[in-house]
**Q** 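Starting off with a structure, shown below.
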Amino acid sequence: MNRNTHGARADDHRTTDVLVVGAGPTGLMLGCLLRHHGIACTVIDRRDTIDPRTRAVMLHAAGLEILDTLGLRTTVEDAGVRRTRIDFHTRHHALFTVDFTTLDTPFPYYVNVPQPEVEAVLADHFTATGGRLLRGLRYTGHQEDEHGVTAEAVTDDGPHTLTARHLVGADGASSTVRTALGIDFPGITYPMSYLLAEGAPTRPADPDASAMYIGPAGAVSLLPLPHGTVRIAGPVSPEALERDSELSTRHFRESVDALGFGPALRFERVDRIAHYQVHERLAERFTSGRTVLAGDAAHLNSPAGGQAMNTGFGDAWALAWRLAALDAGSTAPLLADYDRERRAAATEVARTTGVLRLLDAMRHATTETARERVQRSLTGYAEAWSQLYLDYHPTPAPPAGAAAAPDTAHPVLPARTGHRLHPGARVPGHRPQPGHHTCLHLPGATPDPAHLPPHTRTAELTPTQRTWLPTGTTAVLVRPDGHVAHTLPTDPHTTAGATAETEKEAA
């Protein structure tokens with residue numbers, strides 16, 4: 001399938017509803033979701049082909065639910081390996097576990113799948129459903145007015161002009177869209193280098209788990225990949241390598257051996273080796289007029305818990321229905337709400353991936369009492385990393401220009417038994433229909449359709465969802481992204497009073 005623009009005329013003028021810069025997982029997922037909503041979308045990328053390097057790997061339950069909505073979950077899973085646990089090993093032979101099997105979802109697990117495989121599936125689906133994917137096209141800038149956005153891009157053939165109602169910058173950590181908007185990207189860079197190698201391990205990996213091995217001064221994760229290969233990566237030591245320096249196989253082996261786990265972390269064959277820096281950054285804002293940032297262009301965090309691709313999918317999921325509503329004529333401040341909610345979500349991800357102190361606690365847990373305390377502290381990590389129980393209002397987003405520290409005190413994570421369907425909370429396992437709100441209600445408490453937004457679907461709350469229902473409510477109005485827009489009260493006489501606010505928020 002030829003998705004390049006090399007044969008296009010230099011003065012070619014293209015028009016679309018939404019122009020997405022960046023054909024990584026976030027940009028392609030947004031394109032697929034927009035097509036799912038029936039919105040015309042063009043995705044451009046400066047690369048001629050998919051980057052073959054395996055960067056992000058883990059796909060969690062919330063991301064799998066989104067893929068399932070598009071009918072792509074099975075295809076993506078077939079390209080990866082399913083896992084149900086993350087095990088933490090220490091030199092003192094302690095074992096700590098984060099177990100995903102009891103999550104409230106049809107997919108209580110995560111999948112280790114190379115990012116290029118995910119991008120290939122999304123790209124094929126996007127173009128098959130009428131999306132336009134233009135490769136070899138480099139964004140150089142844009143202007144906007146009250147009618148839309150005019151973007152400039154170049155290829156080897158010359159300049160191109162593209163117009164759209166909205167522009168989305170999903171072009172990664174070094175986003176040219178973010179730079180063009182003049183949006184700051186403050187944060188920190190971890191002082192140590194992360195080492196990475198992929199290949200065939202000396203010992204077969206656990207068939208159910210990924211793992212982290214914690215040594216005296218460093219740690220690495222071991223992620224099983226397809227075809228019996230693994231990735232071993234992490235802050236092996238406190239030292240930082242020069243950015244342009246080469247990492248030899250011998251240096252990697254000696255550094256990892258110093259952790260003290262012997263053959264468990266050795267390769268029979270190394271296919272790829274690299275080193276990189278980890279950044280923690282948060283854009284001072286995610287929107288500017290008709291332009292929006294998503295994915296790594298908007299936020300970066302520690303690789304702990306495998307959140308990068310999943311958070312980008314969450315951005316796409318939160319943005320697609322809003323762009324569809326704006327395309328249909330909504331005048332609600334939907335992009336401002338996206339900015340507020342997704343900055344809060346990115347802040348929460350940073351909070352739950354800052355695990356350096358947690359790893360240190362594991363290192364020093366040499367007694368049974370200490371080990372039990374550490375294991376109890378892991379309660380809530382499966383819920384947080386799955387992103388199933390995301391609540392846009394648990395903690396306020398930081399002020400513009402602020403970024404969360406990577407090594408804060410060990411975060412207190414809520415168990416899912418404490419999840420409540422307040423406004424802003426996600427409804428785990430719920431499958432919204434594109435563009436439609438859903439009213440989930442107690443048996444016999446069906447709200448009057450006149451008090452709901454047009455075309456709202458209705459369904460009874462499941463027994464599990466009923467346990468999350470706040471006291472004094474009989475139903476919740478759920479947005480197209482699966483988050484609660486409003487709760488409906490028990491007293492029918494107050495329903496009408498809540499209707500105006502409900503319709504305003506659901507507009």
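From a predicted model like this one, the values you see are computed outputs, not experimental measurements.
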**Q** Let me have the donor-acceptor pairs involving side chains of residues 362-370, under 3.5 Å, with sequence neighbours excluded, atom names and distances please.
**A**
from	atom 1	to	atom 2	distance (Å)
Arg363	NE	Gly215	O	2.5
Arg363	NH1	Asp360	OD1	3.3
Arg363	NH2	Gly218	O	3.3
His364	ND1	Asp360	O	2.9
Thr367	OG1	Ala370	N	3.1

**Q** Tyr109 ring centre to Arg82 NZ or CZ under 6.0 Å, with the angle to the axis within 45°?
**A**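 Checked: cation-pi criterion met.
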**Q** Given side chain to side chain contact (heavy atoms under 4.5 Å, CB included), test Gln375 with Arg373 step by step and report yes or no.
**A** CA-CA 5 Å; Gln375 182 61 54; Arg373 184 166 59 249; over 6 Å; no
**Q** Could you walk me through whether Leu196 and Ile273 satisfy the side chain to side chain contact (heavy atoms under 4.5 Å, CB included) test, starting with their C-alpha distance in whole Å, then the side-chain angles of each, then the deciding distance to 0.1 Å, before giving a yes or no?
**A** CA-CA 6 Å; Leu196 177 150; Ile273 192 165; over 6 Å; no
**Q** Taking the side chain as every heavy atom from C-beta outward, state whether Val168 and Leu19 have any atom pair closer than 4.5 Å.
**A**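 A side-chain contact is absent here, since even the closest heavy-atom pair is not under 4.5 Å.
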**Q** Begin with the C-alpha distance, continue with both residues' side-chain angles, and end with the deciding distance and a verdict on side chain to side chain contact (heavy atoms under 4.5 Å, CB included) for Val149 and His166.
**A** CA-CA 6 Å; Val149 177; His166 292 93; 5.8 Å; no
**Q** Listing request: all side-chain hydrogen bond (donor to acceptor under 3.5 Å, both in side chains) pairs with a residue in residues 194-207, at least two apart in sequence or in separate chains.
**A** Arg85-Asp206, Glu198-Arg231
**Q** Does a side-chain N-to-carboxylate-O contact under 4.0 Å join Asp45 and Arg47?
**A** no
**Q** Which heavy atom in Leu259 sits nearest to a heavy atom in Val236, and how many Å separate them?
**A** CD2-O, 3.8 Å
**Q** Could you check whether Arg178 makes a cation-pi contact with Phe185, meaning its NZ or CZ is under 6.0 Å from the centre of the six-membered ring and within 45° of the ring axis?
**A** yes
**Q** So, His60 versus Phe100, ring centres under 6.0 angstrom or not?
**A**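 Yes, the ring of His60 comes within the 6.0 Å limit of the ring of Phe100, centre to centre.
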**Q** Name the one of Asn301, Thr189, Ile188, Asp184 that satisfies side chain to side chain contact (heavy atoms under 4.5 Å, CB included) with Arg281?
**A**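 With Arg281 as partner, side chain to side chain contact (heavy atoms under 4.5 Å, CB included) holds for just one option, Thr189.
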**Q** Kindly assign one of parallel, tilted or perpendicular to the pair Tyr213 and Phe261, based on the angle between their ring planes and the thresholds 30° and 60°.
**A**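 Perpendicular.
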